[in-house]
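Reminder, nothing fancy here: chain letters follow the sequence lines and each chain counts from 1. From a predicted model like this one, the values you see are computed outputs, not experimental measurements.
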Amino acid sequence: MFKEFKGLNLPQIDKEILEYWDNAQIFQKSIDQRDSNQPFVFYEGPPSANGMPGIHHVMARAIKDIFCRFQTMKGKRVERKGGWDTHGLPIELSVEKELGITKEDIGKSISVEEYNDKCRETVMRYKDKWDAITKQMGYWVDLENPYVTYTNEYIESVWWLISQLYQKGLLYKGYTIQPYSPAAGTGLSSHELNMPNAYQEITDISAVAQFKVKGEVNTFILAWTTTPWTLPSNTALAVGKDIRYVKVHTFNRYTKEECFVILAKDRFSSYFSEQQPDLQPDQMKAGNQPIPYIEIVGEYSGRELEGIHYEQLLSYVIPEGKAFEVILGDFVTTSDGTGIVHISPTFGADDFKVAKLNGIAALTVPDVNGNPMPLVDKQGKFVSQVTDFAGRYVKDYGQKEERSVDTDITIKLKTENKLFVSEKYVHSYPHCWRTDKPILYYPLDSWFIKTSSLKERMVQLNQTINWKPASTGEGRFGKWLENLQDWNLSRSRYWGIPLPIWRSADAKEEICIQSIAQLKMEIDRANDVLGLQQSVPADLHRPYMDEIILVSANGEKLFRELDLIDVWFDSGAMPYAQWHYPFENKEKFEQNFPADFIAEGVDQTRGWFYTLHAIGVMVFDSVAFKNVVSNGLVLDKNGQKMSKRLGNGIDPFSTIEKYGADATRWYMISNAQPWDNLKFDLSGIEEVSRKFFGTLYNTYSFFALYANIDQFKWSSAEVPLEKRPEIDRWVLSELNTLIHLVDTDYATYEPTNATRKIMEFVDENLSNWYVRLCRRRFWKGEMSEDKLAAYQTLYTCLNVVSRLMAPVAPFFADWLYRNLQEGALEKGPESVHLALIPVSDSGIIDHALEERMAYAQRISSLVLSLRKKEKLKVRQPLQKMLIPILNDNFEKQVEGVKDLILAEVNVKEIEYVSGAGNIIQKKVKPDFKSLGKKLGKNMKAVADALASLSQEDIQQIEKSGSFETNISGEIIQLTKEELEIVPVDIPGWLVATDAGLTVALDIQLSDELIAEGMARELVNRIQNIRKSSDFNVTDKIAIQLEALDFVKPAVKKYASYICSETLAEKLDVVEKGDGGEMLDLPEGEIWIKVTLS
RNA sequence: AGUCUCGUAGCUCAGCUGGUUAGAGCACUACACUGAUAAUGUAGGGGUCGGCGGUUCGAGUCCGCCCGAGACUACCA
């Protein structure tokens, strides 16, 4: 028996199937039953369980799941090891927040040990939620044996990778200006700077400062800055060597003092208005409008300005060495500012470089250890030496200040005759992706990986990767690789993998540890030499690692470099570290590298996708993955980003509970290509569940209902194809076409196309054509070969659809598949996920048949629209329809589906009208595609000429097979093949036309037809009574009908028809009696009584 | 600031290498149908295919500029 149901309840199906999967170990079996020599390698990008899963995670994981399930159903063994990303800033920051501490407190009010314990404890906080969503959404991944990045095994593998890089000479330590987040207390790598939303529009105070030239009276060089807080650190001014500069005589707008200022000629008009030779000081107004000037007194090239000395602008600290000179910089432009750039070597990458090149000193003060440090400390505060602003944050890292430091500095400059002008300036500025605070460019000591040296190889190997969409690989990722900077590996934090490098105090000797065994050896040696009692710590994190002292070959003490390794390295190391390679599982690793497939959000392009690729290329000279799908963002239904602040987030748990996982997944995949952003709208899920799942459910219900009545069981001994009716062969042809297309779509990572095609087949072909037209075959009579063929055909369609949809809708597909299995004599695999994707049989595909049926559908549609126009019910039979013949093949094709059409539109016969006669009115159009090239300019004139032809002209063309016309003196000859002749009308008939197809309908009604229509009307009413009386589909009935004139002919002629249609054993025409009911027919009211017999 | 992608009906999306009535689904309106009924059919309204210009016999499709959205890049003073 096939199970029958009362209604579709997708969430209920989820629950039942989940329980079944658990009990029967289906996930495990889906791996175990596959050949280990046929692997499909998938890498799970580790999520951090530190935050709640969102709906976008459901999206990303649905994509991963689809292709893993598909490949399993292609016979591949797809192991999916889960993983957890456990280190890094997000966790540290949430712990800091919870404990109410800042980075400064770590090691003081809380020990590193306690702090890291807290991190370890926090990192798995939402693991339960993650496990729950994983399960509920039907994402199959091995959560029993996940890799966890904080374990010693994982760390050891990372160390090994680092040591490989070290041995290849790819690791170096450098002092550079780097993006630094005072709020997070760490430097940021370039890919962190490229996280979405890192660059934000902010308004800064920009200032044009006046630098007083030494040895000249009241002469100033103007330099523009958007960071006035860097002015105390100024030690040079840069000009462009070929830029022209002018010296202008005017007054300072604030102090009214007379002055001569120097700026780029190109920038002059941005700051100065009209010339006023007799300008007086009191005519100067404050504000930031251009000011008048007295005259331009000189012009110079940048090269001429080089070497000019100027006075220090703000002399809090006196630099050691050369400073306060004009130097040349090739980065100087005149697109902004004054064409002169203020240089503070401690706070700008260009500044640092150009200062070094010119031997210009940096402004530093000694720190507690006597090492030089900039005038701003690592929390972003001015040091005490900057007396006026000591202790103040240069950006809003602390509590909100009434006036920013930038403002106060400009005020100070203003009063000291050092400010030319200041104004607000809007620009995009990088912000820390975790703390959302502006970053500083700050001089830091860091370890780098020389990724730039392997740039070409990375680009080259990237070209072998199949990116979905391709533009992400070529464009976004490819361009990124082409402009690759060295990877800053250092993080000065606490919770992460310690850098396994020990260095001597003078930095002359160092060692890079590659394994725990090596560490133990080195510790033993150090213990020997130094007489210590050290051992390998049980936990390889800080602070334990920091305490270990090693010894160099020369007997020098070596101390661990305190930095941690960038967490992105952790996740990029997962192909190796998940197997604890190379210390264990060498074979396993080799079988599972590189990955066949990975998928993550597009925001991982510079994150995980990059780190995987970089490590793969650098250490193994290989890609780390062959196919990658990067999905877009999940936005709210208005296209806004989902955020806690806006409260427009979609809760994945309640969504799945309400609509079911399948409808949610199907909606996400079918609505838009995964790489396009998804505007997530719950009403879209409803539509999918109604239209697709509802229709499919109804189709199954219909099948189950009748199959059970007829005791149908499926077996492979099927009615041969050639013995099945046209419509069966048609739907099977369409089905096999579908299999081929869907299989190709999945194989090429096009899930959206796959789902759309499945939906169309289920809705258009299966439900609204095949089942609708075949209903009668299921209803009546005993089991016959035709009926059996119908059951088998429908069974096959449902079974195939269940397998095709399984990757995207794993629950419903299994439910459907297993329900079908209930009625199968020969059992297949117990779950659809253990079954194989069906193989398309090209022998079943019949294009002519598909075309034929398309004609049938279109012709039926035309006839129905004509009936509609004339208000002729489909129940009323009509005598005849006329179809003009387009070509020889056409009549044959239509004739093949004639019976279907006639039954569908309730017409008795089709008459074909050949083109030869003059019954049909026609239209001639040129075949633009082929004629365009031939005719060129005359194309339009010819088209016009054809349009104005009379019916006689067209007949002439059909007879002669050619057409000739004169276009402005030029004779143009066209053959029939270059023209398209289509029927448009049959005068005197009711005609409908659609894209070259024309149908005419005879709407004359004879008494005969009217009687038959009445009979059908009665059948319909009686069926309704059966239904409203809750009779069983198989119950027999007796009918009493009032003897009125308008039904008599119908009953007389069609009594047996009425009886067989309604399962009536008796039909009596009688006088109106007791009980029963009144029927409202077009001709009048009539009494009827229907009883069970 | 630059680079890239995108802009088609109220909404979500198709539209192949340029070819002559620009499509589908949803939503809306009306009428049908109803042994699958949380369906279905038919019809209707709704589009200057973001704007302007160019190439072409012909442009939603190719090119340029502009506007708008998004992503990316950037040390930008």
Using the six-membered ring wherever Trp is involved, compare the ring planes of [X] and [Y] and label them parallel, tilted or perpendicular (cut-offs 30° and 60°).
X	Y	answer
A:Trp467	A:Phe477	tilted
A:Phe680	A:Tyr667	perpendicular
A:Phe703	A:Tyr795	tilted

Pair assignment for [N], Watson-Crick or G-U wobble, requiring both distances under 3.5 Å:
N	value
B:C75	none
B:A22	none
B:C49	none
B:U17	none
B:G44	B:C28
B:G7	B:C67
B:A39	none

In whole Å, measure the gap between the [atom1] atoms of [N] and [M] for me.
N	M	atom1	result
B:G58	B:C72	C1'	37 Å
B:C66	B:U20	C1'	29 Å
B:C52	B:G60	P	12 Å
B:A9	B:G23	P	14 Å
B:G70	B:C57	P	40 Å
B:A39	B:G25	C1'	15 Å
B:C49	B:G68	C1'	16 Å
B:A22	B:A59	C1'	13 Å

Output, in order, the C-alpha distance, side-chain angles, deciding distance and verdict of side-chain contact (heavy atoms from CB on, under 4.5 Å) for A:Arg1016 and A:Tyr1057. CA-CA 9 Å; A:Arg1016 287 190 174 227; A:Tyr1057 162 76; 3.5 Å; yes
What N/O pairs connect the protein and nucleotides 27-31 of chain B at under 3.5 Å? Give each pair on its own line.
unit_1	atom_1	unit_2	atom_2	d
B:C31	O2'	A:Lys868	NZ	3.4
B:C31	O2	A:Lys868	NZ	3.4

May I ask you to test the A:Val421-A:Tyr271 pair for a side-chain heavy-atom distance under 4.5 Å? yes
Got A:Phe693 and A:Leu8 here, is their nearest side-chain heavy-atom distance under 4.5 Å? yes
Would you kindly give the [atom1]-to-[atom2] distance between [X] and [N], to the nearest whole Å?
X	N	atom1	atom2	answer
A:Leu696	B:A39	CG	P	15 Å
A:Leu328	B:A77	CG	P	20 Å
A:Phe477	B:U5	CZ	P	19 Å
A:Glu760	B:A24	CD	P	12 Å
A:Arg1016	B:C33	CZ	P	13 Å
A:Leu484	B:A74	CG	P	10 Å
A:Ile243	B:A77	CD1	P	16 Å
A:Asn677	B:U5	CG	C1'	11 Å

More than 12 non-hydrogen atoms from neighbouring residues, nucleotides or ligands closer than 6.0 Å to NZ on A:Lys757, yes or no? yes
salt_bridge(A:Glu686, A:Arg690) N-O dist < 4.0 Å: no
Of the candidate nucleotides [options], which contains the atom at the shortest distance from the side chain of [X]?
X	options	answer
A:Val332	B:A14, B:A77, B:C33	B:A77
A:Glu687	B:C26, B:A14, B:A36	B:C26
A:Trp480	B:U73, B:A36, B:A77	B:U73

Between [X] and [N], does any side-chain N or O lie under 4.0 Å from OP1 or OP2?
X	N	result
A:Lys691	B:A38	no
A:Thr226	B:A77	yes
A:Ser861	B:U42	yes
A:Tyr441	B:A77	no
A:Arg867	B:U42	no
A:Asn1024	B:U34	no

Hey, mind stepping through A:Thr230 and A:Ser233 against side chain to side chain donor-acceptor pair (under 3.5 Å) and telling me if it holds? CA-CA 5 Å; A:Thr230 60; A:Ser233 303; over 6 Å; no
Using heavy atoms to find the nearest nucleotide of RNA chain B for A:Gly348 and A:Gly7 separately, return the residue whose nucleotide is more 5′. A:Gly7
Please tell me which of A:His342 and A:Phe702 maps to the more 5' nucleotide of RNA chain B, matching each residue to the nucleotide holding its nearest heavy atom. A:Phe702
CA sep, side-chain torsions, deciding dist, call: A:Arg875, A:Asn906, side chain to side chain donor-acceptor pair (under 3.5 Å): CA-CA 7 Å; A:Arg875 275 201 288 273; A:Asn906 198 13; over 6 Å; no
Check every strand shown and say whether [X] touches a base, only sugar-phosphate, or nothing at a heavy-atom separation below 4.0 Å.
X	result
A:Asn1020	sugar-phosphate
A:Arg756	sugar-phosphate
A:Thr699	base

Do A:Ser344 and A:Thr346 have a side chain donor and acceptor closer than 3.5 Å? no
Please list, by residue number, the residues of residues 764-772 of chain A whose heavy atoms come closer than 4.0 Å to an atom of RNA chain B; answer none if no residue qualifies. A:Ser767, A:Asn768, A:Val771, A:Arg772
Centres of the A:Phe420 and A:Trp224 rings: under 6.0 Å? no
Indicate, with yes or no, if the rings of A:Tyr791 and A:Phe778 have centres closer together than 6.0 Å. yes
Quick one, A:Arg756 with A:Glu760, criterion salt bridge (Lys or Arg N to Asp or Glu O under 4.0 Å). Give me CA distance, side-chain angles, the key distance, then yes/no. CA-CA 6 Å; A:Arg756 285 176 180 173; A:Glu760 197 189 333; over 6 Å; no
Given the options A:Pro228, A:Ser206, A:Ser422, A:Asp406 meets side chain to side chain contact (heavy atoms under 4.5 Å, CB included) only with A:Pro228
Could you list the protein-to-nucleotides 7-12 of chain B atom pairs, N/O on both sides, closer than 3.5 Å?
unit_1	atom_1	unit_2	atom_2	d
B:U12	OP1	A:Lys679	NZ	3.1
B:U12	O2'	A:Asn671	OD1	2.3
B:U12	O2'	A:Asn671	ND2	3.0

